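Below is one structure, written out as structure tokens; comments come after it.
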Amino acid sequence: MIRKGFIMNVYPDKHAEYEIRHNEIWPEMVEALHEHGAKNYTIFLDKESSKLFGYVEIENEEKWSQMASTAINQKWWEFMEPLMETNSDNSPITTSLAEVFHMD
């Protein structure tokens, strides 16, 4: 299992809507995430800075990277684009974090 941590930014006035949309995540999006090896996926919000910290465990990088090109993922990015900082393809602007410590 590969552990991935990353940071994204949600707009300060969109915190509640961001949480609502994730609480109502589409079943087909969850299915696609599982199909692409994602497990134990969590996103935390620092309301003061509007920073999102994401954590996901994946099976392998190649399988995970294929998720970005799925139709459901493209639809999700478009759905979330009004709430957060994004790239020109609607993907969230993401900063990957290097793992420096882990304890089971």
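Just so we're clear, the structure is a prediction, and the values are computed from it rather than from any experiment.
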Assigning hydrophobic clusters by single linkage (Ile, Leu, Val, Met, Phe, Trp, Tyr; side-chain heavy-atom cutoff under 4.5 Å), is Ile2 placed with Trp64? yes
Check Leu45 against Val10 and note the closest heavy-atom contact, atom names and distance. CD1-CG1, 3.7 Å
Which residues share a salt bridge (charged side-chain N to carboxylate O under 4.0 Å, His left out) with Lys14, sequence neighbours left out: none
Supply the atom-to-atom distance Glu28 CD to Leu33 CG, rounded to the nearest 0.5 angstrom. 11.0 Å
For Asp13, enumerate each residue passing the side-chain hydrogen bond (donor to acceptor under 3.5 Å, both in side chains) test, keeping only those at least two apart in sequence or located in another chain. none
Pairs meeting criterion salt bridge (Lys or Arg N to Asp or Glu O under 4.0 Å) with involvement of residues 82-97, two or more places apart: none
With no hydrogens and no angle check, is any side-chain donor or acceptor of Arg21 less than 3.5 Å from a backbone partner on Phe79? yes
Nearest heavy-atom contact between Pro12 and Ser50 is CA-OG, 3.4 Å
Let me know which of Glu61, Glu57, Glu99, Glu59 forms a salt bridge (Lys or Arg N to Asp or Glu O under 4.0 Å) with Arg3. Glu99
Between Asn87 and Pro92, what is the shortest heavy-atom contact and its length? ND2-O, 3.4 Å
Give the minimum heavy-atom separation between Tyr11 and Glu81, together with the two atoms involved. CE1-O, 4.3 Å
Fellow cluster residues of Met103, listed by chain then number, with links counted only when side-chain atoms sit under 4.5 Å apart: Phe101
Once rounded to the nearest 0.5 Å, what's the spacing between atom CE of Met84 and atom NE2 of His15? 11.0 Å
Find out if a path of hydrophobic residues (ILVMFWY) with successive side-chain heavy-atom gaps under 4.5 Å connects Leu52 to Ile20. no
Heavy atoms only: give me the nearest Ala38-Ile58 pair and the separation to one decimal. CA-CG2, 4.5 Å
Enter the distance from Glu62:CD to His36:NE2 here, rounded to the nearest 0.5 Å. 11.0 Å
Separation between CH2 (Trp76) and CE (Met67), nearest 0.5 Å, reads 10.0 Å
Rounded to the nearest 0.5 Å, what's the gap from NE2 on His34 to NZ on Lys39? Could you check? 6.5 Å
Side chains of Thr86 and Asn90: any donor to acceptor distance under 3.5 Å? no
Given the rule that I, L, V, M, F, W and Y join up when any side-chain heavy atoms are under 4.5 Å apart, are Leu83 and Tyr41 in one cluster? yes
Is the closest side-chain heavy-atom distance between Ile93 and Met8 below 4.5 Å? no
Quick one: does Met80's side chain get under 4.5 Å of His22's, heavy atoms only? yes
Inter-residue atom distance Asn60.CG - Gln66.CD, 0.5 Å rounding: 8.0 Å
Hydrophobic cluster (4.5 angstrom, side-chain heavy atoms) - remaining members for Phe44: Ile7, Phe53, Tyr55, Leu97
Return the set of residues passing salt bridge (charged side-chain N to carboxylate O under 4.0 Å, His left out) with Glu19 (not counting sequence neighbours), or none when no residue passes. none
How close do Gln74 and Ala68 get, counting heavy atoms only, and between which atoms? NE2-O, 2.6 Å
